[in-house]
Amino acid sequence: MSSRPVVTRFAPSPTGYLHIGGGRTALFNWLYARGRGGKFLLRIEDTDRERSTPEATAAILQGLRWLGLDWDGEAVSQFAQKDRHAEVAHQMLDRGTAYKCFSTQDEIAAFRAEAEAKGASYAVFQSPWRDADPASHPDAPYVIRMKAPRDGETVIDDQVQGRVVIKNETLDDMIVLRSDGTPTYMLAVVVDDHDMGVTHVIRGDDHLNNAARQQMVYDAMGWAIPVWAHIPLIHGPDGKKLSKRHGATAVGDYHAQGYPAAGMRNYLTRLGWAHGDAEFFTSAQAMEWFDLSGIGRSPARLDFKKLENLCGQHIAITEDAALLHELEAYLAAADRPALTDGQRDLLSRSLYCVKDRAKTFPELLEKAHFALTSRPVVADEASAKALDTVSRGILKSLTPRLQTVSWTKEGLEPILTETAEAHGIGFGKLAAPLRTALAGRSATPSVYDMMLIIGRDETIARLEDAAG
RNA sequence: GGCCCGUUCGUCUAUCGGUUAGGACACCUGGUUUUCAACCAGGUAAGAGGGGUUCGACUCCCCUACGGGCUGCCA
């Protein structure tokens, strides 16, 4: 057994929607914690007051809820902890692991310019106040900088990246508390992760270098260092950093485009992580299997075809009641009209024959069009072609026979096959105009299913409409 | 510029020194079929390049190329 219960967290900045990459990071943290009976916490990193908005926070929470990633307790506001951050900065001062720096930003800029002019390969700012006698401190604004070790190296023992060694001389004495008394991100994350009892930090590898400086803060405070796992970012289909031009980058976009959350979870879990040859799995299985060692080291590209394939499989295994619920949520998210009571009833009775033929919700709804539309059924361009004068005549000859037949597949089958035979055509040639009459679409469930679902009267009425 | 990370079929990946380099999606061919979806049979397709180490490298080391990240009183 592990020595301490697992605590993971997702810590987004509320400066925009929930990015698909962030969604996957959250998913990994969630899977890791949930699969081990641990806790998954949520912290909103809102210390950047200018860019943080409540709307963004709401969008992120909504994205997580849609993905089905439930967090333990309330979401924590990082900004609300600012006094505690300042307290820790002063503790570092007391411990001698931090110092007050009175250098102005102009002085720092000048230092860098000079270093650059001298052709230095890199310019790590070295504050003259690092070892200054407090008696010499002026009465002026100051920042608190960490007194980082200048020799040796810092080793990040990363569960994904391996052993990463950073030379301490390449790291400057980072600011932990700004001149206005507010904490920097570097200090805030460490303090919060420590205070929240985070045991495993699973986050994007854009933070890999930062981990070294953060680890110095842990050391400076004598705190236990968490298990690090820096996961590669997700790229667009062209291998470049994911951006708007690649299409959907927000988790909410996928909701609005009608991808089921279960399919998204499956796809995102599998993107950059593998458990042997497992491709299609439920979240329960993912929780059981997920581990840090299965995470790949290279960035993965988004592949919408594979996403769709998995979504189709998940739609097919979703229970009707749950599926209907998701369908209605999709309609709302996509800003499409809500279902009427009648549509809901017919749709729910149609799910069994449409859910295994659709990869997304809009596709499913399109195939269930026969159940959602009402007379007069308007045929789309493709299906309209199937309705010529000959087929109209055939439909006309068919309707009287439907009046008394037993309304079951067994009853209908002989009628339809006999009709096709009587006109010397294959069943396919009869099914096409039937589809047009019943659904106004050329891609539909079986004609029997449709007839059974909408019933005898509606079937006959639609056929008569089409026969003209 | 400096530092750090990465590179197996088109894509996601398996492999953890010895395999005919496997699977999935996509694609192509054939079959099935009541359209779509699905399904069945088969096929095309990969270790970035160059050096080492080793009896033997996709696996370990070095260099190069390419991609990404960090280098803020942003997070």
Side-chain angles (χ1 to χ4, degrees), chain A residues 11-15 45-48 50-52 78 101 104-105 108 116 119-125 141 143-145 156 158 160-162 164-167 169-172 174-180 182-186 188-189 204-213 230 232-233 235 237 239-241 267 270-280 293-294 296-310 312-313 316 354-359 363-364 366-367 382-383 386 416 420 426-432 434-436 439 441-448:
Chain A
S13 309
T15 54
E45 308 223 311
D46 52 358
T47 52
D48 185 338
E50 299 200 349
R51 294 197 302 151
S52 300
Q78 185 161 64
C101 171
T104 65
Q105 299 199 50
I108 296 169
E116 204 169 311
S121 51
Y122 55 91
V124 173
F125 176 64
V143 298
I144 295 181
R145 302 185 98 105
I156 298 299
D158 195 280
V160 174
Q161 307 288 340
V164 180
V165 180
I166 313 275
K167 290 186 189 65
E169 62 184 23
T170 65
L171 267 21
D172 63 6
M174 66 168 177
I175 294 172
V176 292
L177 204 70
R178 301 187 185 103
S179 53
D180 64 358
T182 61
T184 60
Y185 162 76
M186 292 290 183
V189 237
D205 68 6
D206 48 335
H207 288 288
L208 180 57
N209 287 286
N210 292 336
R213 327 177 81 164
H230 289 90
L233 270 17
H235 286 180
K240 299 288 185 186
K241 190 179 171 185
Y267 176 71
R270 188 65 186 65
L271 192 63
W273 172 84
H275 179 73
D277 287 337
E279 298 284 352
F280 173 67
S293 62
R297 296 116 340 254
S298 55
R301 305 180 188 200
L302 241 28
D303 179 352
F304 297 107
K305 290 281 192 185
K306 185 149 187 175
L307 203 212
E308 284 182 11
N309 177 281
L310 287 171
Q313 295 186 61
V354 291
K355 70 181 182 183
D356 57 357
R357 350 164 73 96
K359 294 173 170 164
E363 197 180 325
L364 185 152
E366 182 61 15
K367 292 203 163 141
S383 70
L416 295 197
F427 188 76
K429 288 285 185 198
L430 172 61
L434 269 174
R435 238 176 235 113
T436 307
R441 294 289 183 275
S442 49
T444 74
S446 130
V447 292
Y448 296 112

When you compare [N] with [M], how far apart are their [atom1] atoms, in angstrom units rounded to a whole number?
N	M	atom1	value
B:U53	B:C62	P	15 Å
B:C58	B:U64	P	22 Å
B:U19	B:G10	P	23 Å
B:U59	B:G50	P	13 Å
B:C9	B:U15	P	16 Å
B:U7	B:U54	C1'	24 Å
B:A46	B:U8	P	13 Å
B:A57	B:U44	P	27 Å

Can you name the nearest heavy-atom pair linking [X] to [Y], along with the distance?
X	Y	value
A:I175	A:T184	O-OG1, 2.8 Å
A:G272	A:A300	N-CB, 4.3 Å
A:D158	A:H230	OD2-ND1, 2.6 Å
A:L434	A:V447	CB-CG1, 4.1 Å
A:S442	A:S383	N-CB, 3.6 Å
A:E169	A:V124	O-CG2, 3.6 Å

Options [options], nucleotide nearest the side-chain atoms of [X]:
X	options	result
A:Q105	B:C73, B:U71, B:G68	B:C73
A:R51	B:C74, B:C12, B:G69	B:C74
A:V143	B:C73, B:C70, B:C12	B:C73
A:D303	B:C5, B:G6, B:U11	B:U11
A:K167	B:C12, B:G67, B:C4	B:C4
A:K306	B:C25, B:C74, B:C73	B:C25
A:S298	B:C73, B:C12, B:U7	B:U7
A:E279	B:C12, B:C3, B:G6	B:C12

At under 4.0 Å between heavy atoms, what does [X] touch on the DNA or RNA strands: base, sugar-phosphate, or nothing?
X	answer
A:A274	sugar-phosphate
A:R270	base
A:G296	nothing
A:I175	base
A:V354	nothing
A:Q161	sugar-phosphate
A:H230	nothing
A:D46	nothing
A:M174	nothing
A:T47	sugar-phosphate
A:R441	nothing

For B:C73, does the base pair up with any side-chain atom of A:T184 as donor and acceptor (N or O, under 3.5 Å, distance only)?
no
Is any N or O donor-acceptor pair between the side chain of A:D205 and the base of B:G68 shorter than 3.5 Å?
no
Considering Watson-Crick and G-U wobble pairs with both distances under 3.5 Å, what does [N] pair with?
N	result
B:C66	B:G6
B:U53	none
B:U29	B:A41
B:G1	B:U71
B:C58	none
B:U35	none

Separation of A:I156 CD1 from A:R213 CZ (nearest 0.5 Å):
12.0 Å
So, taking the atom named CG in A:L271 and the one named NE2 in A:H235, what distance separates them when rounded to the nearest 0.5 Å?
11.0 Å
Could you run down nucleotides 27-48 of chain B 5' to 3' and tag each one B, S or - for protein heavy-atom contact under 4.0 Å?
-------BBBSS----------
Is A:V160 close to A:W273 at the side-chain level, that is, under 4.5 Å between some pair of heavy atoms?
no
Between A:L302 and A:Y267, is any pair of side-chain heavy atoms under 4.5 Å apart?
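In contact.
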Please report the distance, rounded to the nearest Å, between CG in A:L310 and P in B:A26.
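Spelled out: CG on A:L310 to P on B:A26 is 9 Å.
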Find the distance A:E169:CD to B:C3:P and express it as a whole number of Å.
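These atoms are roughly 10 Å apart.
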Closest-nucleotide mapping onto RNA chain B: is A:Q313 or A:R145 further toward the 5' terminus? I mean the 5' end.
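Per heavy-atom nearest nucleotide, the more 5' residue is A:Q313.
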Between A:D180 and A:I166, whichever has its closest RNA chain B nucleotide further toward 5' is A:I166
Taking only distance into account, with no hydrogens and no angle test, what donor-acceptor pairs under 3.5 Å do side-chain atoms of residues 204-211 of chain A form with protein atoms, sequence neighbours excluded?
| from | atom 1 | to | atom 2 | distance (Å) |
| --- | --- | --- | --- | --- |
| A:H207 | ND1 | A:Y185 | OH | 3.3 |
| A:H207 | ND1 | A:N210 | ND2 | 3.4 |

